[in-house]
Q: 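Below is the structure I would like to discuss, written out as structure tokens.
Start at 1 and go down the list; that is how both ligands and their atoms are numbered. Quantities reported herein were computed from a predicted structural model and do not represent experimental measurements.
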Amino acid sequence: MKRLLIFASGSGSNAENIIGFFQKSNTIKVVHVLTNNKNAKVIERAKRLNISNLIFNKIDLFDTNKILNFLKKEADYIILAGFLWKIPPKIIAAFPNKIINIHPALLPKYGGKGMYGMHIHRAVIAQNEKETGITIHFVNKNYDEGAIIFQKSVQIDAKDTATDVANKIHKLEMTYFPKVIEKVILNENG
Ligand code: GAR
């Protein structure tokens, strides 16, 4: 069994979708959800699905090895599903090509610090983009710059609001994120 650990900061719809997808798998399972936000809705979702959750703070992640040691013991792969802090270099070094992030835009466009969630969709509309999409990529030490695994685009219609774009992106995320994670893991492990 390959063990996935999910980092999420907010609602956790991707986390829930990934947990559900791998509940049917014989080879991959989600073992924990970690969050930096004690009010995140992802905590309720994890509880409902019988997945343990761990709330941590900046000291746990950056200044001590508490989270690093936990990950080394518990995880084969780390999934970032709406996680808003930068992953520290010590964790990236311990999990080379084992940390996978989803970004709700077609990187390298609309990436980098401050570019998350609705901020991205509003920027995309403001720039009159004709398309947007999702990028699934490995995490390296530069924000949103790791090797791209998968991208899928979607058309933006003239009348679309940022909320409409968010809904289109959400659909792509629900459809593709678990499948792409599965493919990466199965390819690497025969
Ligand atoms: C998702 O759209 C994800 O792509 C995005 O946050 C949302 C989380 O939704 N991630 C980023 O913007 C990372 N820069 P969720 O909590 O419902 O899964």
Side-chain angles (χ1 to χ4, degrees), residues 4-23 30 32-49 51 53-56 61 77-88 91-92 95 99-127 129 131-156 160-182 184:
L4 302 187
L5 193 145
I6 300 177
F7 278 74
S9 300
S11 165
S13 68
N14 278 281
E16 176 162 1
N17 186 46
I18 294 164
I19 293 166
F21 183 89
F22 289 114
Q23 274 171 345
V30 176
H32 302 287
V33 168
L34 268 67
T35 185
N36 60 305
N37 175 3
K38 66 175 184 348
N39 300 316
K41 205 171 145 198
V42 71
I43 298 170
E44 279 166 51
R45 295 191 198 252
K47 281 187 184 154
R48 185 155 33 82
L49 295 160
I51 302 292
N53 70 85
L54 181 72
I55 303 166
F56 60 89
L61 185 66
Y77 288 84
I78 298 166
I79 307 302
L80 309 185
F83 182 64
L84 300 185
W85 290 356
K86 203 167 169 177
I87 296 291
I91 293 181
I92 292 168
F95 289 87
I99 310 178
I100 300 171
N101 181 45
I102 190 159
H103 189 79
L106 296 172
L107 289 174
K109 282 177 148 186
Y110 303 100
K113 215 171 154 47
M115 276 295 173
Y116 62 89
M118 287 306 284
H119 296 281
I120 297 174
H121 309 318
R122 285 191 206 107
V124 161
I125 293 279
Q127 292 300 314
E129 296 284 358
E131 62 166 19
T132 184
I134 58 170
T135 303
I136 298 171
H137 66 95
F138 289 116
V139 173
N140 71 7
K141 60 186 184 343
N142 300 323
Y143 224 70
D144 293 335
E145 287 177 21
I148 291 174
I149 303 165
F150 175 89
Q151 289 188 306
K152 184 83 187 176
S153 59
V154 65
Q155 203 187 311
I156 301 175
D160 279 352
T161 62
T163 305
D164 296 327
V165 171
N167 290 335
K168 288 182 173 180
I169 293 289
H170 180 77
K171 277 202 192 122
L172 293 181
E173 293 185 332
M174 294 298 111
T175 305
Y176 292 104
F177 199 16
K179 287 185 192 157
V180 171
I181 294 167
E182 182 176 51
V184 167

Q: Using the rule side-chain hydrogen bond (donor to acceptor under 3.5 Å, both in side chains), only one of His103, Gln127, His121, Glu129 pairs with Tyr110; which is it?
A: Glu129
Q: Only heavy atoms count here, so choose which of Pro104, Ala8, Ala105 is nearest to atom 10 (N) of ligand 1.
A: Pro104
Q: Can you pull out the closest protein heavy atom to atom 6 (O) of ligand 1? Residue, atom name and distance to 0.1 Å, please.
A: Gly82 CA, 3.6 Å
Q: Closer than 4.0 Å to some heavy atom of Glu173 - which atoms of ligand 1 meet that?
A: 1 (C), 2 (O), 3 (C), 4 (O)
Q: If you define the side chain from C-beta out and look only at heavy atoms, does anything of Lys141 sit under 4.5 Å from Lys86?
A: no
Q: For the residue pair Asn37 / Ser9, report whether a side-chain donor-acceptor contact shorter than 3.5 Å exists.
A: no
Q: Yes or no on side chain to side chain donor-acceptor pair (under 3.5 Å) for Ser13 and Arg45, after CA distance, side-chain angles and deciding distance?
A: CA-CA 8 Å; Ser13 68; Arg45 295 191 198 252; 5.0 Å; no
Q: Quick one: which ligand 1 atoms are inside 4.0 Å of a heavy atom on His103?
A: 14 (N)
Q: Heavy-atom contacts with Ser11 under 4.0 Å: which atoms of ligand 1 show up? List them by number with element.
A: 16 (O), 17 (O)
Q: Have a look at Ile102, Ile120, Asn14 and point out the one with the heavy atom closest to atom 18 (O) of ligand 1.
A: Asn14
Q: Checking the N or O distance criterion of under 3.5 Å, is ligand 1 in contact with Ala81?
A: no
Q: Please write down residue, atom name and distance for the protein heavy atom closest to atom 16 (O) of ligand 1.
A: Gly12 N, 2.7 Å
Q: Indicate yes or no: does an N/O atom of Ser13 lie under 3.5 Å from an N/O atom of ligand 1?
A: yes
Q: Check this for me, if you would: do Lys168 and Asp160 make a salt bridge, where the nitrogen-to-carboxylate-oxygen distance has to be below 4.0 angstrom?
A: yes
Q: So Phe56 and Phe83, would you call those rings parallel, tilted or perpendicular, with 30° and 60° as cut-offs?
A: tilted
Q: Could you list which atoms of ligand 1 come closer than 4.0 Å to a heavy atom of Met115?
A: 14 (N)
Q: Counting from 1, what ligand 1 atoms have a heavy atom of Gly117 closer than 4.0 Å?
A: 12 (O)
